[in-house]
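Worksheet: one structure, shown below.
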Amino acid sequence: MKSNDTSKRMMKSKMAWFGDTIVSLADALDITRQTCAKKLETVEGWTNVEIAKIAQRYDLNDEEIITIFDLRRFNFKPKSGVRDLNGGD
């Protein structure tokens, strides 16, 4: 299974678990529904702020964040607080 498939499945699972739809997630992230749908489909293009908001919204641990957003391809290794990617806001 491709990492992109795993990422999409995990993200959709988290959305379902927390009762989110593309509309509700887009609203929470203050992005358009079309932009949210595209990012969910490609698992690319998420900003650090969006990743941090999603991590907080779905109570993601570091490993889930790395998997969902396919951060291994960047050799990403969290030092602490991946949730704080948005500068603490």
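Keep in mind that the numbers below use all heavy atoms, side chains included, and drop hydrogens, waters and symmetry copies.
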Discussion item. To the nearest 0.5 Å, what is the distance between CH2 on Trp17 and CE on Met10?
Written reply: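 Result: 14.0 Å between the selected atoms.
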Practice prompt. Measure the spacing between CG of Leu71 and CD1 of Ile51 and express it to the nearest 0.5 Å.
Written response: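 Reported value, rounded in 0.5 Å steps: 5.5 Å.
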Discussion item. Side chains of Met15 and Tyr58, heavy atoms from C-beta outward: is any pair under 4.5 Å?
Written reply: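 Yes, close enough: below the 4.5 Å cut-off.
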Worksheet item: Going by heavy atoms in the side chains, are Trp46 and Leu40 under 4.5 Å from each other?
Response: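 Side-chain contact under 4.5 Å: yes.
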Worksheet item: side chain to side chain contact (heavy atoms under 4.5 Å, CB included) with Lys53: which of Leu25, Leu29, Thr47, Asn48?
Response: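 It is Leu29; the other options fail the test.
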Fill in: Residue that, paired with Ile54, satisfies side chain to side chain contact (heavy atoms under 4.5 Å, CB included) out of Glu64, Met11, Lys14
Met11
Item to complete: Determine the minimum heavy-atom distance between Ile22 and Cys36, stating which atoms define it.
Response: O-SG, 4.0 Å
Fill in: Heavy-atom closest contact (Glu44 atom, Lys39 atom, distance)
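Of all heavy-atom pairs spanning Glu44 and Lys39, the closest is O-CG, 3.5 Å.
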Worksheet entry | Under 3.5 Å donor-acceptor, Thr42 side chain and Lys38 backbone |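 Side chain of Thr42 to backbone of Lys38: a pair is present.
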Practice prompt. Measure from the side-chain N and O atoms of Ser7 to the backbone N and O of Thr67, and report whether any donor-acceptor pair falls under 3.5 Å.
Written response: yes
Fill in: For Arg57, all residues meeting salt bridge (Lys or Arg N to Asp or Glu O under 4.0 Å), sequence neighbours excluded
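Per chain and number, Arg57 pairs via salt bridge (Lys or Arg N to Asp or Glu O under 4.0 Å) with Asp20.
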Discussion item. Applying side-chain hydrogen bond (donor to acceptor under 3.5 Å, both in side chains) as the test, list every pair that has at least one member in residues 25-34; sequence neighbours left out.
Written reply: Thr32-Thr35
